[in-house]
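What follows is a short report on a single structure.
Since the structure is predicted, the reported quantities are computational estimates derived from the model, not experimental observations.
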Amino acid sequence: MPEREQRDLDAPAVFRALRAPGVEFVVIGGMAAILRGASVTTALIGMHAEVKHAGRVMDLGGGDWLTAGSTWNLDTDFGTLDLLFEPAGGGSYEDLAARAQPTEIGDGLTVMVAALEDLIAMKEAAGRPKDLLVLPILRWLKVREETDA
Amino acid sequence: MPADDVDVRLSRRRRANAELEAFGYDPWQMERFLLRSPEERLKWAGTMAKLITRGRQSLARTRTTGP
């Protein structure tokens with residue numbers, strides 16, 4: 001199979017596409033770190049989605065060829081999307097969503113972004129070099145959040 | 001806020017800044033990024049991701065065709 005050229009990342013477009021059919025999600029990973037104020041780079045969008053909404057995501061793909069699993073790595077028209085239903089260190093979707101912060105990202109669109117404590121736990125659990133690199137920044141942001149007057 | 005609380009808060013921030021610097025990051029650069037709105041941060045992320053993508057594509061072409 002020929003390798004597809006990687007698409008440019010357009011996070012708001014991905015958020016809108018998922019929101020339209022009512023998929024509930026919390027932004028996690030590097031994109032969440034950026035939204036929370038971490039000056040880091042990422043080439044994909046990470047999300048924790050409600051497992052019961054997997055069918056709605058499959059409908060977006062236009063087919064029933066996707067099978068359920070804990071992680072979907074999706075190549076979309078708006079960049080790479082990692083959809084995690086059971087992220088390591090993330091706990092249940094309900095708990096993550098309850099602690100997440102609603103964040104206005106322009107054009108009237110608001111998305112839920114994982115709490116810093118959850119982002120730290122997930123990065124620690126993932127433990128890859130790229131995760132460990134972001135941890136000092138997330139911990140710094142957490143202290144900053146806790147010491148805001 | 002009591003003076004003791006202010007001291008504790010500043011002390012924690014100073015320690016956090018020192019820990020961040022120990023990893024080679026610049027706390028002031030991080031502070032500046034925090035001034036951006038989430039919308040601006042997303043736009044910045046999109047620009048950076050585009051640069052990463054272009055770099056990867058360029059590297060792949062170089063590997064295939066040589067410099």
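Put simply, the side chain of A/L133 reaches to within 4.5 Å of the side chain of B/Y25, judged on heavy atoms. A/V40 places none of its side-chain heavy atoms less than 4.5 Å from the side chain of B/F33. No side-chain heavy atom of B/F23 sits under 4.5 Å from any side-chain heavy atom of A/R139. Between A/M31 and B/L42 the shortest side-chain heavy-atom distance falls below 4.5 Å. Residues B/M30 and A/R144 are not in side-chain contact: their nearest non-hydrogen atoms beyond the backbone lie 4.5 Å or more apart.
No more than 12 heavy atoms of other residues, nucleotides or ligands sit less than 6.0 Å from atom CZ of B/R32.
For the residue pair A/D148 and B/R13, the shortest heavy atom distance occurs at OD1-NH2, 2.9 Å.
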task = Take A/V143 and B/R9, measure what side-chain contact (heavy atoms from CB on, under 4.5 Å) needs, and give me the verdict at the end.
result = CA-CA 9 Å; A/V143 171; B/R9 194 167 64 90; over 6 Å; no
request  = Tell me, with the steps shown, if B/R12 and A/E146 meet salt bridge (charged side-chain N to carboxylate O under 4.0 Å, His left out).
outcome  = CA-CA 10 Å; B/R12 281 195 70 196; A/E146 289 169 353; 2.7 Å; yes
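None of A/T103, A/V113, A/I34, A/V111 except one satisfies the side-chain contact (heavy atoms from CB on, under 4.5 Å) rule with B/P38; the exception is A/T103.
Residue B/Q29 touches chain A through its side chain alone, counting heavy-atom pairs closer than 4.5 Å. Residue contact with chain B, scored on non-hydrogen atoms closer than 4.5 Å, involves the side chain of A/L141 exclusively.
The greatest number of non-hydrogen atom pairs below 4.5 Å with chain B, out of A/I137, A/L109, A/T42, is found for A/I137.
Rounding to the nearest 0.5 Å gives a distance of 12.0 Å between CD of B/E31 and OG of A/S39. We find the OG1-CG distance between A/T147 and B/D5 to be 12.0 Å, quoted to the nearest 0.5 Å.
No salt bridge links B/K50 with A/D10; every basic N to acidic carboxylate O contact stays at or beyond 4.0 Å.
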